[in-house]
Amino acid sequence: MAQSVVVQVGQCGNQVGCRFWDLALREHAAVNKKGIYDEALSSFFRNIDTRSGGDGPDIYKGKICSLKARALLIDMEEGVVNEILQGPLRDVFDSKQLITDVSGSGNNWAVGHKVYGCQYRDDIVEKLRKNAEHCDCLQCFFIIHSMGGGTGSGLGTFVLNLLEDEFPEVYRFVTSVYPSGEDDVITSPYNSVLAMKELNEHADCVLPIENESLFDIVNKIHQMINSGKLGSTVKQNSLVTSSAGSAKSVQEKPFDAMNNIVANLLLNLTSSARFEGSLNMDLNEISMNLVPFPRLHYLVSSLTPLYTLADVNVPSRRLDQMFSDAFSRDHQLIQADPKHSLYLACALLVRGNVQVSDLRRNIERLKPSLHFVSWNQEGWKTGLCSVPPVGHSHSLLALANNTCVKPTFIELKDRFMKLYKKKAHLHHYLHVDGMEQSCFSEAMSSLSDLIEEYNELDATKGGPRTDPSRLKIAV
Amino acid sequence: MSIVTVQLGQCGNQIGREVFNTICSDARGAHGLCSKKENESYHDTCKERFFFEEESEVPVARAVLVDMEPKVIGQTLSMAARSGCWKYDGHSHFCQKQGSGNNWANGYSVHGPRHKEAIMNLVQKEAEKCDRLSGFFTIMSMAGGTGSGLGAFVTQCLRDAFPTSFILNHVIWPYGTGEVIVQNYNSVLTLSHLYQSSDALLVHENDVIHKICAQLMNIKQISFRDVNQVIAHQLGSVFQPTYAGEGGLLYSRNPLGDLMETLVPHPEFKMLGLRNIPQMPENSLAYSTFTWPGLIKHLRQMLIANAKMEEGIDWQVRPPRLGSSIPSGCSTNKPLHFNTSIANLVILRGKDVHSVDLGSFWDPSLYTSWLNPQDAFHAWKTPRAFNKYEKSASLVSNSQFLLKPLDNVVGKAWNMFASKAYIHQYTKYGIEEEDFLDSFTALEQVISSYTIL
Amino acid sequence: MRRRQERRDRALSAAVGALCRALPPPARPAPDTLRRARFDRPQATLDCWRLLYALLKQIHGSKWTESDAIDNQIRFVKLALWYHGYDRPELYQLPSDGSAGSRELLLAFSWLLHRHSLLEQLLARNRVKTGDETSVCTCEDDLPSSQKGTAEIALEYGPEDRVDVRYLQWLNGRLKFQWRSLHAQHQEQCKLLHKIHLFTSGSHTDQILGHLSVTETDLVRQPENYKQLLQLLESETMQLEAFLEWKQLEPVYWQWMETVLDNMAEEGKKCESRDAHVEKSRLPKATLCCPWADSLTGQIDRLSRDLMTFRDQLHKLVTRRKAAWCEKVKIREEELQKEGFSTAAKKIQESAELKLLDLTCLCAPTKNKMHGLCRLVFRSKHPASKTGFSSSVSKEPVSAVSATEVIRDLQMREASLERELKQLQEECRQRLDEIAEGLDGVICISP
Amino acid sequence: VADGAGPCRLAAALAAALGEGAERRRELEGRVARSRDLLRHWGSEEEEGSQPGTGSSGGHENRPSPKELEELELLNKALEKALKVRKSILKTPLEVQGATGEKSVGKKSCGFLQEPSKKEDPTAESALGRSTSPRTVTLQEKGCQLKLPLPYRKAYSRNSRAWKRCHLCQTSVEAAAARNRFIEGIQTTFCSPMPAFSPAEIEEELKVLQDIPALLSQHVEAESADHPTLQREYESLLTLESLQTTVSQCLHKLQLLRTAVESQMSLCPDCTGDAGSCSPACIPPRGQMCDSAGMLAVPLLCYSSFQELRDLFALKLKVSMLHQEIALQKVMMAELLPVLESRLYPETSAAQLYRAIYTQLCEGGRRFPVLLPRPRAV
């Protein structure tokens, strides 16, 4: 089975990553009861013989000895990484997987990208290579970062470039957390737009996440739990609550709940590649099916259900509800409404006890309410993984290549322009070696071009559909 | 006479396993409703076709399993081994770590050439185990990347390595929507390439089988396994032994050759559809009785009205009156929805099979103007009942059955092609726009040829 | 004198007797027939025609049918003799009702007997089959027997029945599939045959063979089914013994035939004047329709045309090359002399000659090629069983060819046939391309 | 409207070929079935029942005649040798069996035939289960212990000795002289001048010449490349020059053949009478090339591996197939091309007809072309 390496960059990236590794271990623990190191485990974890001390040789078969995450942790401040190393996950990483500095990027993309990029390039490459060497078939890199700050956006996109150069055959999935409008980092529009250019050009797929959406989702769940309507029936061990023993502790660590959602997104995305199913969906199928044109690789995601009912015998109405929810505005992980925008393609990754007839029924049911681009009226891709997430009987991850991402980009552009017109804070960037004003204008036009591409597609929506004429044959 | 099955990709491997399961359990079954001697020779013929026996062990399927990722093959092997009544050869499979990602070009141009030697070695070994190799039966879907792309490539290799063997490709036609987004591209590329190297394409449409599961088999929550079991049953009804020709004394030892000779000698007409009646849940079987005239009547109407199953047949459709008709090329006088055949093969299994009147299939008006019924219609029979059905009838038809689905696939793919969507994914692996155009041209010709029958 | 004559008569009758007994049973004449023919007795004529008919039919591999009308038999014999190059005009003037000419036929028979090693050929041809006989040549395939009877079947299609080309495609496709099925059958038969040979290794009393054939294996199992085979074997042995006897007495027969010929010459002189006009009427021939000649002339024309075009091209090429060569030599004359090119040139000449030796061999028909049926024998390349593996070892009482040789031969044949087919298809492609240009408004995209 | 009379001959030829193929398949299937049967099961009961004449009883009761004894002696010697051969072919465990067998044979050569494998090999006996319950065995298990029935062995050895003698038998000088005198005598009475080739010989010569143009082209192609050295260039020039000679020789040969055909035509008995009576059904007789004279002794075809056997038969089949294909191609050319060139068919079906004929004639019926409407001229 193929393996993936997670590269978590910056504070946000490491926090999300931390939740991901925690949940991944729990998931495998729930599925793999015998404690045997199996193919599924191998996709994200190495099994190492530590008896001889230190980094022993990989064990490919047999009992689990010591699991090590296939990960690279990068931060230019030590705080978060140190916290991880002192926490329960400390055994999953070792020092050879870490790259840290003490001074931080100062919320400056240029510092992360140019300064640290230059400084740590060899170190990063070296450690990526080590990770890659431990895989017998490296299929995918997952980069987790945020767009607004300095390290995540700057160094994160630097790593993305590096991966393309060093591992051109390996897929690059980027989970990018976009800043909210009320972001406390003033330069976040600059950082984000500069990062966007890199994502446009070097990523295979980008899964944009907005903090605001995560926040809303978490809040909504709390409201439901607290309203008492669902309180008694919500399982303790459900999706958002799984990091802690009870719903209560969610409030103690507010970001954990949000980060859990992102971590679950990654788990569900990779589930079909890891576990058996009647309709497998490998990671490389995602970009193949969902990316019709190279730059239009931003996938809006939604996860359902966000909590589980105690009742095990899920009536099919519940199942159908899960599908409906996935298309509703308030389940999207960015602020967007796919239903009223244009679909280029859509993937449904289903886990648990769901059969092909359930899929078909729901696609038939939902199709009339959705708009698909004229040349892709049947633009559905589906996967059925038989192993459900921990604590659920089934789940659904919907990935939409939909023009509804456009507003997010337009808003980003507007915020960028506001600053850029005044040339505010530019000097912080321009004094960095290799950084010129043209970088800003190029990043700007890259974003504008992207928006224009979505505009053109949107323009075809609703108009009269005319199919191109077919090839004619003489007889 | 033996058939080597090549299972390609997830779909091919899942179906392949069900096929061997069905065949094995049918052959072992004591419910043949025939003499002991009959049952024995049926059993022996079946064994020779699909299995070989290692000393006193369970029969081993004559199959090569190929996939580009390991999960499905692992699952398939272990499920077969657990069945206890047959198994796969422990060495006759090939898999890699990473799938073809639904990309036909990846399967055809990358994985194919890279793994050609390993795969063909396995095939060669399997072929050498046969006293007489009838040919190859490849099972694949056309939607994905491995089954379709690698499948097309492997078929080509088989043609080159075994120029005198028969190759029958069993092709799973994807659901009209919702499996793979690039399925129409993959299908167009697969079909056009198979048309070059295969002898016949036996097609099962997922949508049709799904309906059969829902409406005939009464399955509420339909899984791929259910779908695959129906497909396996239908395939078994064709490939289990029958007597060779009318009044034959021996079970045919040339199943693929006989099939090809009767149905697909013309190079432009290679698409075969399959109908099987009756089909119903096993528990209702005991309470149902069938008469041959009834079954034959239904089967014929299914043929001429292009009904996909025994329910909702349009009984209004009638064959055209001959004599008044202008020769082919002018379909205007043909009744609406009438399905014109090139050739048909009816397979009857079960009680009183020798007294069945098949006269209604000998009607010249069912067939294209340039073939007479003597050339166009054949029947195979055996008194041995199949898979617990006291009487059952199958129809393998080279007719306009698949014209509409084919036209749909080509049309949709063409729409996508016109907007150049997804093309970059293919050019990445060396399949250029020119190649697409060639494939479109070839298939438009096939559509045209079937249309003017 | 008289005793000598008697002795000679006795020897002659013994020789004729042996000869008759050495002939295959269905054609075997009574010795008396030949004696009567010597005196040109009309009542022997029909027997003589039948004899020649039966023998020639056997040589030509087709079924001997007694029921054939006598005039058909006579026609066939005349044609076959002509075909083999028997050019005595008197034979062809014999009446087609078989009423006269027994002596003439005796001459023809004797000519065949020697010129075509009739006895040897028939013995070899009719050999009792106890082994796994297979032919080592493809002569029988040379003319598709399907041509026979084609005319009759063609008549079944009335002129108003239009045969759709698509139907022809269908038939052709079926034919292709049929060959494949046949191939699979052959492969299985090989596999089974080999198994039987391998498993019965060492079971045969004839150590040259080593193993049993299929027939012999079956014979072990159910001998009661093979009574007839045993009889055939015995009768063949007798025929062979008769042949040996004949070989001893042969000179008498030929001397006798000489006298027959002399007698006829004398008689012929007498009535030469009378026959003169007949002789002449045969020779001046209007060029009548003769399909055989037409087809051969056609082939010769085609070949000559090809060769002539080729010759012209070659001529041009050689002239050009020669000029270039002379130029080069002129420039480097001294240099070449130093290198002693003239001595090297001899060697080069030799190697060039050697290169073309194969080709000249191919231009002449190979007379000593193996034909007919052989018994298949398995000899593993194991060093212990090397005996008699090389071809035609004279020490052994058997002639043996190795499969390798036959395979090599077949491969050459295959290649040449494939070339021929390709050429024909190419010719068609050119003609069809021309036609396509004349088709209105369409472009042809070849596959 | 197309003239249907044309393709009729083709349809008939195809139908005839199909019929012939079906016949071949039936015949072969019969042989396959027999071989399969032999390989499958050998009931030991059946085997014992079937060998009463050859078993020990026959040998014990009747005292053999001196002649038979002599024959037995010969057979035994052959068997001894056969055993050695068998040993070398089949290794374990037959090697052991062979060794023990040989010892007993060496001591009592005469009893060897009378006592079938019993004494010779106790292990084999138990393997056959002859003494206990009737068990089915396969040819694989017992094949190398099979014995041909005595009457057959006798007939066979007598027959093969007769062949051997025939093979060694030579024509005496006296006979050859008389024979030649006769032949010379009769040939002086032949139509003068005697043609250089008989019709049969003409055909044979022509067949050989068929391949020459292609072979020559190959040679020329091989020589047309650039040559690095003068030596090579010289050699190439010489080769080309001798090719010229070969071509001239071939052309000369063709000229001779043409004259021969003409003179033979005037002699053809069937062409003498009414015009057109020369029936193609009789000319030329089949298989004339296949002249196996001189092959008096048992000709053997030795193969050394299964692969070789398989290749041999595959090739033979391929060659016959090609023969048929070429013959059909010629009929097709003669019948289909005129139809297309005549342009007598309805215009609408022109393209259809063209495609079908293209498929048949240029692609061997395998692949088909596509006709697209020509884009209107701009």
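First the proteins, then the strands, lettered A, B, ... as listed; each starts at 1. All of these numbers come straight from a predicted model, not from anything done at the bench.
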What part of D/L372 lies closer than 4.5 angstrom to a heavy atom of chain B: side chain, backbone, both or neither?
-> side chain

Region of D/E363 that comes under 4.5 Å of a non-hydrogen atom in chain B | neither

Pair D/R367-B/E268, salt bridge (Lys or Arg N to Asp or Glu O under 4.0 Å): steps then yes or no = CA-CA 8 Å; D/R367 300 183 302 166; B/E268 279 174 50; over 6 Å; no

Who wins among D/R366, D/R36, D/K318 for the most heavy-atom pairs under 4.5 Å with chain B?
-> D/R36

[X] and [Y]: which non-hydrogen atoms are nearest, and at how many Å?
X: D/G365; Y: B/P267; answer: O-CG, 3.4 Å
X: D/R25; Y: B/D258; answer: NH2-OD1, 3.9 Å
X: B/A442; Y: D/V370; answer: CA-CG2, 4.4 Å

Distance from B/D131 atom CG to D/L39 atom CG, nearest 0.5 Å?
-> 8.0 Å

In this structure, CZ of B/F269 is separated from CZ of D/F368 (nearest 0.5 Å) by 9.0 Å

Which bit of [X] comes within less than 4.5 Å of chain D, counting heavy atoms only: side chain, backbone, both or neither?
X: B/N254; answer: side chain
X: B/Q196; answer: side chain
X: B/S449; answer: side chain

Please indicate whether [X] has more than 12 foreign heavy atoms, meaning atoms of other residues, nucleotides or ligands, lying under 6.0 Å from its [atom1].
X: B/E434; atom1: CD; answer: no
X: B/E117; atom1: CD; answer: no
X: B/K129; atom1: NZ; answer: yes

Tell me, do D/Q352 and B/I452 make a side-chain contact under 4.5 Å, heavy atoms counted?
-> yes

Lys/Arg N to Asp/Glu carboxylate O, D/R40 vs B/E48, below 4.0 Å = no

